[in-house]
Structure formats: C-alpha cells, structure tokens
There are 2 protein chains.
Amino acid sequence: MAKRSDSQGRLDDAARAGWLYYVAGRTQDEIAAAMSISRQSAQRLVSLAVAERLIKVRLDHPISACLELAEALRQRYDLKHAEVVPSDPAGVSTTVGIAEAAAAEIERWLKRPDPIIVAIGTGRTLKAAVDQLPPMECPQHRIVSLTGNIGLDGSAAFYNVIFSMADAIKARHFPMPLPVLCSSAEERETLHDQALVRSTIALGAKADVTFVGIGELGVDGPLCVDGFLGRDEMMKLVEEGAAGEICGWIFDREGRLVESSINDRVASVPIPSRETSSVIGIAQGRKKVTALGAALDGRLINGVITDEATAEQLLSM
Amino acid sequence: MAKRSDSQGRLDDAARAGWLYYVAGRTQDEIAAAMSISRQSAQRLVSLAVAERLIKVRLDHPISACLELAEALRQRYDLKHAEVVPSDPAGVSTTVGIAEAAAAEIERWLKRPDPIIVAIGTGRTLKAAVDQLPPMECPQHRIVSLTGNIGLDGSAAFYNVIFSMADAIKARHFPMPLPVLCSSAEERETLHDQALVRSTIALGAKADVTFVGIGELGVDGPLCVDGFLGRDEMMKLVEEGAAGEICGWIFDREGRLVESSINDRVASVPIPSRETSSVIGIAQGRKKVTALGAALDGRLINGVITDEATAEQLLSM
DNA sequence: TTTGCTCATGAGCAATTACTCATCAGTGGG
DNA sequence: CCCACTGATGAGTAATTGCTCATGAGCAAA
C-alpha cells in the first residue's frame, strides 16, 4: 500500500479504515495489521472517518424518526429531556401515546431508591398519564400538587391528578387545599399564608422533577371549558397576547408570564426552578402547538413529551 | 414503562438503543440509565439492533484506489457501471462489502420516480444484497425474477431473492413458478408456454436493470452444492470448457453460452439485452474471478460490483 | 542555520464494550 | 404437577477502544 501523506490520501485511508471497521466489522488491531500501521493510527483513522462524516449510519425502524425529532427538540430548546412518540394517524385522542410515555417517565423517576420530590400539575393529559401508572410502593418519595384541587363551587376539581396518582403509588402526597383561582390578589396572600399551604409551596420549590400539562387558551381551552375563566376574560387575555397556561399561569408568545389580573389571582405553586429541577411539559395536538412552543421558547419547561406531528410543527416554527 | 414482552416491543427497544448508540453517540451506560435497564441489557439491545440489521452503515467516500480500479474495469470491458469496494483483508466472507454496495445501487434505481422493471437473479450474494435493502414504497416499479423458485423437491428454492426483496420494498413482483432446471428441453418448451410464464419472460426481456450473481463451476460451485447438477455432469461441463454460470446459463471462457444438454434445460428467463438494459453482475472472491472475467469478456454483463482484490485479478488477466 | 509551529506517532492508561457463565422466570409437553 | 427448554438477566472478566501526553519529523519564517 503506497504511503501518501496528502490529505486526500489520508481521507482515503480513513475511508478504508472506517469501511473495514464498520462494514467489515474488523477490530482496530486487525485494521492496523492490514494497513501496516499502529493500532493507535488505525483508531485515529476510524475516528477521522466518523468526524469527516464519511460513515453514514442509518436506522431502519419507525422509531428512528421520533428519536431524531426528540434530539432536534433537545438541541433547539436546550432541554434536559425530550421524548417524541409516534403519532396516531387518526389523531382522535389528545392523550393516546404521550400518556403512556409520560407514565413510563414518571415510573422511571419513582423507581429511584433515593428519595425525591415529584411535583405535578393538572389537566386531562396528566390524568391520562397517571392512570397508566402501575401500582408501586414508593414510601421514600413525596408528591406535591402544584395546583389547587378545590373547584369553583367548593367541590373537588375535575382532574384530580394527585389523588389518582397517590392511589396508584404509595407515597406521601401533598395536595393544595385551595381553589385554582382566588377572587383577588389579596385573598391569595391570605390563603398562601396558611401553614399547610406554605409548606406545600416550599415543597414544590424543592421538587426534583415536575410534570405539567400545557393549556391552550381560547374559549375551547381548559380554563374556559372548566369554568375558571369567563369567555370575555379569555378574549381579553388573548387580545393582550397571551398564548397558553401552565398550572393556570398565563404566558405570552415568548413564554413570559403576563402581568394581568389573572396571574395575580392564580393560587398555584410557582413553576419550580428550571435550574435545579426537570420541568417536563406533556402535550400534543395542533391546538397546543402555539402554547407549547411559547413555553419552550420562554424556557418555562426544560423537558417535553409530545408526539411526532406536534414535534414537526414545533420545529417548523 | 409499560410491560411489553412481545418481540415487537423488544425490537422497538433495540431500535431505540441502537439509535442512541450509533446516531446520538451515547455510551451504553447512558443508554442504560435513559431506558432504566442494566448496562448489560443495553449492550444486548445494541447488538440485537445490529444483528437484526436495523442499523445500516454506509461509507460515503470514493476511495481513489477503488475508483481507479472501477474506471479501469469500465474501460476494459466497456461497462455502463463499475463499482469496486475495499477488500476485507481477512476475506472470510464472499458477500461482505459488495452486498452493501449492491443494495445501495438497487436502492438508487428504486428511488426513481418513473416506473422501471428490475430483473433479479438468485444466489447467496444477491440474497445478502437484498437483505440490506431498507423498507421502501415503490408501487411504480415491477420486479421480475429471472430464475425459477421451485427446488428439486418442489419446495421453494434456497435463496428466494425475489420474495425477500418484495418483502422489503412494496412493489409488484413476478416470481418464476418453475424449477431451475427442467428434465428435458421438451419439458422446458411446455412449461414456458404457460401464459403466466410467458408474461414473466416477456417482462424480463423489457427489464431496465438486471442484477445477477455469477456462479463459478466445479464441485464446490453453487449448482453442485445446491444439488442442481451431479458431480459427473459438472466435471463433464468443466472438461468441455465451461467457465461459469449466470442464472443457470452456462458459459465458456470467452463468455459464450455453451451448447450443452444443460443450457437446453435451463428454465430461466434469458439474460436481458445488454443493448437496452443495465445488466450488473455482483461477485467477489478468487474462486469467482474466472467466471466473472469470462462473463465480462463475452459481454454477458455490462456492469459489475466487486471488490478491490477481485478487480485487480481481473485486470491482470 | 535556527526557531517556532503544526501535526502525526506510539506508549500508557482509563473508559467502554463484548463475552461467558450461572441463574431464574415463563412455557409447553409428558 | 413436574420437568426440560427457551430466553432474559446480572455479575464478572477479558477484549477493545478512546484519550492524553511526550516526542520527533516536516516546514516555513527569521
């Protein structure tokens, strides 16, 4: 084999070494012997072939598209966690697929032997997710609800996620004995001053991982449908540029919490720090793309579980 | 994580692990952590992904030595297509390397939007090649088998290339419901007169591109090993100057089809015209040099995919 | 010629991966 | 109900790979 020191020859050698390594499946020692170079040089040629993208790896499996989208999301939004599940082509449900994936992720956290604090929001998607949880014994962990579980009329709220969750997994759980929205900022002050509520809020601030749904606005969004906001209030919010909500906290298209009479009255625990905690948003569907994109842009969340179609729409924004 | 014991779920996991390993470049430890499995299990999933051919590696670099050999072959034999891949110095396999290259070439043809007819032979090499094909949807193309798929005992033949291929790419396919060799020239007449067979033969004659393996003769050649010819028949052929076979058609050292009782009984479709079609022979290895050289000399094929060592031997003849 | 720079090289060592073995759970037949 | 069989698992260990560092060759500028 003629020795050529020019870069063309070197790339040739790299291609040859890479071919022997990846296609022919030989070890670097064998390549070194075949090409009459040292093992280290063979290793360098192989890694050069990879670095120069001479070697193309392809995965022939439906999953690969999802993984690529997840990686793209992770890069673009600087995420700690991104998961994309195949889209249901029928697209009838807003929870099928991501609910199972979210449950799997929750389970992964709960399986940890060291004690952690899991914060959890509310909503249809999260309810569907916790319904997928298998029974577990997790006395070492604590689960804290970020949102109040008292409805407008004093009854328990519609999607009582934390109780469903505590039902499946045996762990200490801390609901929020508050409504979702207070009648005024002053009332919120008072209510948040209760010892029980203060300790729950303090616990939420220390959450190791947080799972939240992403609510879209509009008269068909959860806040209106569930009666927390009137149509006129909602219209006004949208006109002012609001794009979505997490645990009731309204944010705009850049993912900044908006200053409004609504956010002044939200009784929820503040969204835990994205610095110290994984805050994973779970949402899919065309209607949620705007809200989800805004939450990601504003770094309100640093993790996402969504489906293929939604991921594609996010990335094309 | 939802419990899935079925093999589909396991393949999904393998795909995911393989993707994380080869595409995302994670270590097996990281994959294990991400998937909540042990490192050993992650390693197994990765190697399963490789074993199941979910991972396809391709080298995208023209190695100049190979390019030069390819160009020399093209000149000398007046070829439409010549491709030379690096040789595996160990040379243990007769398919590694050219199978991937052949698959890539087949894929290039299949990617064409305009409808084409692809004719395909049989043999170990072609089988290995089509096993490398990724799933594709090609309803516009038609694939026709040049050789019968009925074995000596009436069972399906050993290397049922066309069905493997049709399995990977969704296209209309036309197998040959015949044995490889008929018992007599008269029987061949009768069989070829069937409407189904006639239309397949007519289709083969119109093939836009043809991929065939090159069989060497001798008692270790495929015709003998697979039991189509007895040792004595084979010895006689070799004595009479036969040098190789394509789809069962025996040819001599100048690449001319020999007149023999064998060729009178071959049930295969005639090799498509080299005037109107690309007929690409795929072969490598010292044992095949004579046969391949003869086929090239006689212009039985006008394209070749082989390896470096074989190309050098061909050119030094 | 000397100097300083770049880059390939090989050695040594740490990290990573592959293999073997013993075990165990699930399964289907006797 | 038992038992052989299959296939998954984890531990332990050997093999392989990747990284860092010191060295020296090649080369251009001073």
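Computed from a predicted model, the values in this text were never measured in an experiment. Letters A, B, ... mirror the listed sequences (proteins, then strands); counts begin at 1.
Applying the side chain to side chain contact (heavy atoms under 4.5 Å, CB included) rule to B:A102 yields the partners B:A129, B:I282, B:I305; only residues at least two apart in sequence or on another chain are considered. Under the side chain to side chain contact (heavy atoms under 4.5 Å, CB included) criterion, A:D29 pairs with A:T27, A:R39, sequence neighbours left out. B:A168 is linked by a side chain to side chain contact (heavy atoms under 4.5 Å, CB included) to B:L133, counting only residues two or more places apart in sequence or in another chain.
The list of salt bridge (charged side-chain N to carboxylate O under 4.0 Å, His left out) pairs with a residue in residues 68-79 of chain A, not counting sequence neighbours, reads A:E71-A:R74, A:E71-B:R26.
Distance, A:Q43 CD to C:dC13 P: 18 Å, rounded to whole Å. Put simply, CG on B:L48 is 17 Å from P on C:dT17, counting in whole angstrom units. What separates CD of A:Q40 from C1' of C:dA15 is a distance of 16 Å, to the nearest Å. Atom CD1 in B:I31 sits about 12 Å away from atom P in C:dT16, given to the nearest Å.
Ion pairing between a basic and an acidic side chain is recognised when a charged N comes within 4.0 Å of a carboxylate O; A:R58 and B:E107 show such pairing. A salt bridge does not link A:K170 to A:E137: none of the charged side-chain nitrogens sits closer than 4.0 Å to a carboxylate oxygen. Using a cut-off of 4.0 Å between Lys/Arg side-chain N and Asp/Glu carboxylate O, B:D131 and B:K56 are scored as not salt-bridged.
DNA chain D is contacted by both A:R44 and A:Y21; A:Y21 maps to the nucleotide lying nearer its 5′ end (nearest heavy atom per residue).
For the helix from C:dT1-D:dA30 to C:dG30-D:dC1, the terminal axes (five pairs an end, C1' atoms, rotation from four pairs onto the next four) enclose an angle of 20°, given to 10 degrees.
In the 5' to 3' direction, nucleotides of DNA chain D lying under 4.0 Å from heavy atoms of chain B begin and end at D:dA8 to D:dA11.
Under the side-chain contact (heavy atoms from CB on, under 4.5 Å) rule, A:V304 has a single partner from A:T310, A:I280, A:L292, A:I98, which is A:L292.
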